[in-house]
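Labels below follow one simple rule: chain letters A, B, ... track the order of the sequence lines, proteins then strands, and each chain is numbered from 1. Quick caveat, the model's predicted, so the values are computed rather than measured.
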There are 2 protein chains.
Amino acid sequence: MTKGHVRLADVAKAAGVSQGTASNVFSRPEVVREEVRERVLGIARTLGYNGPDIKGRLLRAGRVNAIGVASVEPLAYFFEDPWARALMTKIAAVCDATGTGIALVSAQNQQKLAWNINSALVDGFILLCVEGGERLVELTRRRQLPFIALALGGADTSIPVIGIDNLAGAAMAARYLADLGHRRFAVLAIDHFDEHVGATGPGPAARSLKSTSRDRLLGYWQTLAEFGIERESVPVHGTRSDRSSVDTALNALFAAPQPPTAILAMSDRIALFAMQWLTERGIEVPGDVSVIGFDGVPEAATAEPGLTTIAQPFDEIARRAVSAILDDALPDAQETLDVTLVIRDSTAPPRS
Amino acid sequence: MTKGHVRLADVAKAAGVSQGTASNVFSRPEVVREEVRERVLGIARTLGYNGPDIKGRLLRAGRVNAIGVASVEPLAYFFEDPWARALMTKIAAVCDATGTGIALVSAQNQQKLAWNINSALVDGFILLCVEGGERLVELTRRRQLPFIALALGGADTSIPVIGIDNLAGAAMAARYLADLGHRRFAVLAIDHFDEHVGATGPGPAARSLKSTSRDRLLGYWQTLAEFGIERESVPVHGTRSDRSSVDTALNALFAAPQPPTAILAMSDRIALFAMQWLTERGIEVPGDVSVIGFDGVPEAATAEPGLTTIAQPFDEIARRAVSAILDDALPDAQETLDVTLVIRDSTAPPRS
DNA sequence: CGGAAGATTTGAACCGATTCAAAATTTACG
DNA sequence: CGTAAATTTTGAATCGGTTCAAATCTTCCG
């Protein structure tokens, strides 16, 4: 057999045509005389040449036809986290329609992440900025490729961002429960803080938070205030978005003399963990306690009971993000999309 | 500012060194005299050059440091299907540890798929062969990169495959239920057939099936035979692995005069749909009907009740698959891994 | 001071294709 | 048949780096 690799040049020589013609046979066949085309293709087959190597083409064309989705979380995050999954599903659908590939970029540590971002073969990046978003943006910027950040709050308007109206969404959630008659609330936050914020008052909380959770918290507070509920009376517990930290928070919450009748969870993931905890302890949802989530992931719909939540327009986010990269249509300003309240069975008026 | 792009050559010229030295500054800094290195780096910064472009390096090095995971399903499949997700989670973990990227390859139609496989910038492929596996293998083969097929049954031993012992797994499932005392079984298959196989007898079923479902079916049959249960008496219903086709199958099944007391589902996904259907109709699991799945996806553990199932060693599969690509350690023969029975709460003795 | 050994730097080839102006060939037509 | 127009083919440049043998520069030592 042929040792080494067969290159286009080899085929061209063997077929007795110029490399330019050989190239055309594969990439613009209509321009080559049929007879020649057949011959070249024949020779190619004989030599075991299977069309142009993508690497050469790429170098020349400069376009990869793939977009990178990056996050500071480990790679498995894309498949494990409900929010990431919901988003990726939609992004995947859009990419599928346009014939674009998806490259997952991530790494355990910052250094590896930097390397991975620099060496990812993509035409641009979609950044999942759950945490440490600024750092991710910083790394990506260097790459000098189009990118768009998701879920990144922040003052820096030079960063193209597609976000959602966290403040309004949280307000909607709080208002819905307050309208149902609830007055004793508790918040389960996305971020983790060392002290239980509920105990230390609202000051440090607002300061130490990432913008997503800050806005959601503000939205809750703002609306509850309208109902005469003061910040200080609403315990806020940080979590790590995993089962055990949610359990810890709930243990503390329900050990108190006046446990909440309504739980404002900053994500569906946390809300679902909370529902599990409650159900396992015989606390009825929504009978004893109402739970409302945030995000609108598919799992919220199939949970038992169905989780009332604030739904993000994943479709729209995905569509805009992909088009921002592919059509180089980066938004001028930071785009903020609206969220909607989806009412299911995890919320009801408090037991009187 | 600099118009166009800054190339390594530009930096070299501006710094008054050869391109070779400039290259070394970035890729093998220890070989360049410190003074020169500093100067070149300084110039680079001034010019806005952020290190070697990956495309050039790639062309030369030939290695991408990414593996492709391909499937004939749409791209969203990777994030939506529980089995794919479970596998991807593990693959992602392994890749994370080795600093390898993941590129998702897939397409709506065969033609696009071929194109996508050919143009994916990867060092090798892991093939998720749920359906149409042979075609996928065929396409990938042309690419002349290392690849390994998962879940591909078949006689062709020239294809490197990591599989599981479907026959033994199915046998284990059937035996467990039969030992519990069940005698009236029904099978929910992964494949879809036009006619309900149960009605037409076992012949066509075995013939028309993909190897995975064929082996599982054979495993069921084989073991049930030991308990004196004949093939003909076990209805086998095809599904499309979606809610509605499972519903259809169950409707037919439970409309019969003697509905089954035990359901052998060929995947957890199907089993979970079945449990939902049963629960919604007030049929108790495992009180009235026992359900056993196959695969061992995470969702099986958190379902209510927990789903008894045959667990695949996802960890091991992922580890071997990735290493097969990265270390070019393609298995000589087809590897078959063992599965294990995981007993949860969806199975119990039949109501006497 | 001469020369060997070691440390740096150079320059050109190479990776595998695409592209395009110019040359060669074919076709069309008076 | 001659020539203009249209169609094909050619050849060399280019994409943006890496690599390595050879050339040059430093050190070190007798």
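- Distance, B:E35 CD to D:dT26 C1': 13 Å, rounded to whole Å.
- A salt bridge is absent between B:R135 and B:E138; no separation between the charged side-chain nitrogens and carboxylate oxygens falls under 4.0 Å.
- Using a distance-only test at 3.5 Å, with no hydrogens or angles considered, a donor-acceptor pair links the side chain of A:R39 to the main chain of A:A15.
- With rounding to whole Å, A:R63 atom CZ is found 14 Å from C:dT19 atom P.
- Taken residue by residue, residues 49-59 of chain B places heavy atoms nearer than 4.0 Å to DNA chain D at B:Y49, B:P52, B:D53, B:G56, B:R57, B:L59.
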* Before giving the answer on salt bridge (Lys or Arg N to Asp or Glu O under 4.0 Å), spell out for A:D10 and A:K13 the whole-Å C-alpha distance, their side-chain angles and the decisive distance to 0.1 Å. => CA-CA 5 Å; A:D10 300 328; A:K13 199 187 306 171; 5.2 Å; no
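- Rounding to whole angstrom units, CG of residue A:L8 and C1' of D:dC15 are separated by 16 Å.
- One can place NE2 of A:H5 at 10 Å from C1' of C:dG16, the figure rounded to the nearest angstrom.
- Note: CZ (B:R60) to P (D:dT18) measures 10 Å, nearest angstrom.
- In terms of modelled atom types and a separation under 3.5 Å, the side chain of A:D123 and the main chain of A:A66 share a donor-acceptor contact.
- For D:dG17, neither phosphate oxygen OP1 nor OP2 lies less than 4.0 angstrom from any side-chain nitrogen or oxygen of B:S23.
- Remark: aromatic rings of A:F79 and B:F79 are close, center separation under 6.0 Å.
- Between the CZ atom of B:F26 and the C1' atom of D:dG16 there is a distance of 13 Å, rounded to whole Å.
- Both A:T21 and A:R7 sit near DNA chain C, but only A:R7 has its closest nucleotide nearer the 5' end.
- The separation between A:R28 atom CZ and D:dT9 atom P is 12 Å, rounded to whole Å.
- Within a 6.0 Å radius of CD in B:Q111, other residues, nucleotides and ligands contribute 12 heavy atoms or fewer.
- Residue B:N24 contributes atom CG, which lies 12 Å from atom C1' of D:dG17 at whole-angstrom precision.
- Although no hydrogens or angles enter the test, the distance criterion places a donor-acceptor pair under 3.5 Å between the side chain of B:D81 and the main chain of B:W83.
- Note on B:S27: a side-chain N or O is less than 4.0 Å away from OP1 or OP2 of D:dT18.
- B:Q19 contributes a side-chain N or O that forms a donor-acceptor pair with the base of D:dG17 under 3.5 Å.
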